[in-house]
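The structure appears below as structure tokens.
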Number of protein chains: 4
Amino acid sequence: MTTAPGRPRDRRIDRALLDATAELLVEVGYADLTMDAVAERAGTTKPAIYRRWRSKAHLAHEAAFPTDAERVQVPDTGDLATDLRAMVRACVDVFAHPVARAAVPGLIAEFAADPTLHAALVGRLADGPLGTARDRLARAGIEPDAVIEAMAGTTLLALLFRGGDDLDDAWIDRTTTLLLKGIAP
Amino acid sequence: MTTAPGRPRDRRIDRALLDATAELLVEVGYADLTMDAVAERAGTTKPAIYRRWRSKAHLAHEAAFPTDAERVQVPDTGDLATDLRAMVRACVDVFAHPVARAAVPGLIAEFAADPTLHAALVGRLADGPLGTARDRLARAGIEPDAVIEAMAGTTLLALLFRGGDDLDDAWIDRTTTLLLKGIAP
Amino acid sequence: MTTAPGRPRDRRIDRALLDATAELLVEVGYADLTMDAVAERAGTTKPAIYRRWRSKAHLAHEAAFPTDAERVQVPDTGDLATDLRAMVRACVDVFAHPVARAAVPGLIAEFAADPTLHAALVGRLADGPLGTARDRLARAGIEPDAVIEAMAGTTLLALLFRGGDDLDDAWIDRTTTLLLKGIAP
Amino acid sequence: MTTAPGRPRDRRIDRALLDATAELLVEVGYADLTMDAVAERAGTTKPAIYRRWRSKAHLAHEAAFPTDAERVQVPDTGDLATDLRAMVRACVDVFAHPVARAAVPGLIAEFAADPTLHAALVGRLADGPLGTARDRLARAGIEPDAVIEAMAGTTLLALLFRGGDDLDDAWIDRTTTLLLKGIAP
DNA sequence: ACTTAAACGAGACGGTACGTCGCGTCTTAAA
DNA sequence: TTTAAGACGCGACGTACCGTCTCGTTTAAGT
């Protein structure tokens, strides 16, 4: 294993940029997020961003769905009802997180036109609770795709059309029940 | 009831602009849709657009979800399974329409930051199959909001993450079944 | 005589930009003159500049050699010695003006690579004292090109290599004498 | 007398860089000359350049006015007319050389803002025909500065405003005559 | 017929933000 | 210490598109 030639990248700048992006997303939203503002808050400049991410969307999607986040734990109790409820809650936790909430609408717009971003985001989510859920459901003998589509889709729509604050325990219960009955044999 | 003074607006221009917008949305997508291009294709000028719509998003949302569209008919058979299936199909038909498909991601982004647009789009959809579905379900003694959220959300997610071509009869069957069991007493 | 269609250009912005350019040229020099700084000082933005001038050089050359300047008067006494001296002085006045002095080195660099600018600058100078001098000399029966080349070239070199402050009366006398003898029959 | 510690500098790289610079100056001009391109053509890297020259201008000025050039010979016949003509020709040869011609406008711009470069270029020219000319004229009992200023200035202006191709024998004759009469007692 | 008032074509406007280029520097491992 | 390699931080660039404005002209309805 050799070292790459050339000056190594400064990891502190990566962090500063991601942090600045997350903060600004919450403060001003995706549409009003400018690369100049990100660079300035991170104490660096625009080219440093573009050296690391190919677009605003790629930067935002990494800030909104960090891979190193303390993994949303979905306990494996063996009881489908309990586990499914945990999955729904995890799904809400991921999408309703303030940074994600601010970024998602913009990301949706961009990744419709950018296959690169599409792939990146799908991969990133597959490593999160959605991937966990898929495994768990498959082990329970349930074809997972339809359920995940319904779970994530319902969450997304609720988020987009009413804002994340309504996604409380009652909403989670209601949605879990619908899904649970929907997938019953 | 009096007539507005001054030169009346030319209705042919309204149409030409909406048509040009729809065409361009399909051809280049929302992000690369420019007002100059719309005006040029419609054979008019930008001020003529802004006299009619307050922004690109307002124009696009009207082009994507025309109110005068031949209404997607949802037959009222009285059989919940049959009717629900028709609702799902209508939902797919609306969102998977080429123009809507091109416009939706961009609209999602914009209306996250523009309450005006949010209201306009919600109203427009409520007049369409979603409104019909709500009435129908309510009459069947079912609380409609959760079902609609699940139905539209699942459709939206499928559309965004896989493109509309996979939303065939099998998908409609699968989704209808899940919802039907989910809302059973 | 018809009016051009479209919104007319705001002449006050033209002026503000030229004034800002002249000021900044003196303050920071051509190399450190940035379009952003010009725009900011003029209270406008970069695109407003590029709508009016095709490059920094075109802007600077207009700021450095304004056509509407109170014309450098070259009295026509009929005495060649007197008149030539006045021409040399006028030449110095034009090139040693603080704004011109700051702009000239940069302009030289740019117009070597930009025929557009070359033509523009030649035309602009031909309307100034150089044009007057050419006419005057021709009337005196002297082939003007060689003299003008020598006069302007000597002035330019002196300016570039020693700064304009040394171009005092003694320098003007010395140069006038050299030229006068040089063109004697 | 000791040797510098560490790895000695590779003289072949010096040459390759100067050659690459000269070639590229002629091909693309000073403004479009990039350090990356120079390094690439010379088969080395940018840091190797900056170890040798402090800036693009310093590199270009050395490439344009090489000290080791076969010295432009100015024969010393003792006849002022003959010698002055040779000086003018030498001046043209130096400045109209393709590489110098490409570099001069850019260098003028840079050394207006860089005293280091100013000094370097003046020193380099003083070692060339201008230095020779000064000595020769002084020996002939003529105050040399004014003549040199006129000679070099006229050449420079002609070069800048008409391109070097017009500086033929006729031009040299004409200019020599003007100077000769101009400095006559 | 004349006035009023708004829509029209045309196109430039002011301005935000973009993504890129090239400078000169720095870090690394090998020579 | 120089080399090759290449990324770095940074300042500045010129452009694209937004939504607005200013014209002079056209079109109808009201007087």
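A note on names: the letters A, B, ... follow the listed sequences, proteins ahead of strands, and every chain is numbered from 1.
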For [X] and [N], give me the distance from atom [atom1] to atom [atom2], rounded to whole Å.
| X | N | atom1 | atom2 | answer |
| --- | --- | --- | --- | --- |
| D14(C) | dA12(E) | CG | C1' | 12 Å |
| R9(B) | dA7(E) | CZ | P | 5 Å |
| L17(D) | dT2(F) | CG | P | 14 Å |
| R11(B) | dA28(F) | CZ | P | 14 Å |
| R51(A) | dC8(F) | CZ | C1' | 5 Å |
| H58(B) | dC18(F) | NE2 | C1' | 15 Å |
| L59(A) | dC18(E) | CG | P | 11 Å |
| M35(C) | dC21(E) | CE | P | 19 Å |

*Please round to the nearest 0.5 Å and tell me the distance separating atom OG1 of T116(C) and atom CZ of F111(C).*
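Going from the OG1 atom of T116(C) to the CZ atom of F111(C) covers 12.5 Å.
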Output the distance between atom OH (Y50(D)) and atom CE (M35(D)), rounded to the nearest 0.5 Å.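 Between Y50(D) OH and M35(D) CE, I get 3.5 Å after rounding to 0.5 Å.
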Indicate, with a heavy-atom threshold strictly under 4.0 Å, whether [X] touches base, sugar-phosphate, or nothing.
| X | result |
| --- | --- |
| P8(C) | sugar-phosphate |
| S55(C) | nothing |
| L33(D) | sugar-phosphate |
| K56(A) | sugar-phosphate |
| T45(D) | base |
| I49(B) | nothing |

Has the side chain of K46(D) got a donor or acceptor that lies under 3.5 Å from a partner of the other kind on the base of dG6(F)?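 No, no donor-acceptor pair under 3.5 Å.
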Quick check: any donor-acceptor pair below 3.5 Å linking the side-chain of R7(B) to the base of dT27(F)?
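Flag unset: no donor-acceptor pair detected.
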For this session: Between Y50(B) and R52(A), name the one whose nearest nucleotide on DNA chain F is closer to the 5' end.
Result: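 That would be R52(A).
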Next on the checklist: Measuring from the side chain of D10(D) (C-beta onward, heavy atoms only), which nucleotide among dG11(E), dT3(F), dG11(F) has the closest atom?
Outcome noted: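 Of dG11(E), dT3(F), dG11(F), dT3(F) is nearest to the side chain of D10(D).
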Out of dC17(F), dA7(F), dA10(E), which has the shortest distance to the side chain of P47(B)?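 Of all the options, the side chain of P47(B) is nearest to dA10(E).
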Between the side chains of [Y] and [X], is the shortest nitrogen-to-carboxylate-oxygen separation below 4.0 Å, so that they form an ion pair?
| X | Y | result |
| --- | --- | --- |
| E40(B) | K46(B) | no |
| R124(C) | E62(C) | yes |
| R52(B) | D14(B) | yes |

Quick one: on DNA chain E, does T44(B) or T44(C) contact a more 5' nucleotide (nearest heavy atom)?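 The residue whose closest nucleotide sits nearer the 5' end is T44(B).
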**Q.** Along DNA chain E (nearest heavy atom to each residue), the more 5'-positioned of R54(D) and D36(A)
**A.**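 So the residue in question is D36(A).
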Crowding at CZ, R9(A) (>12 non-hydrogen neighbours, <6.0 Å):
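Count over threshold, so yes.
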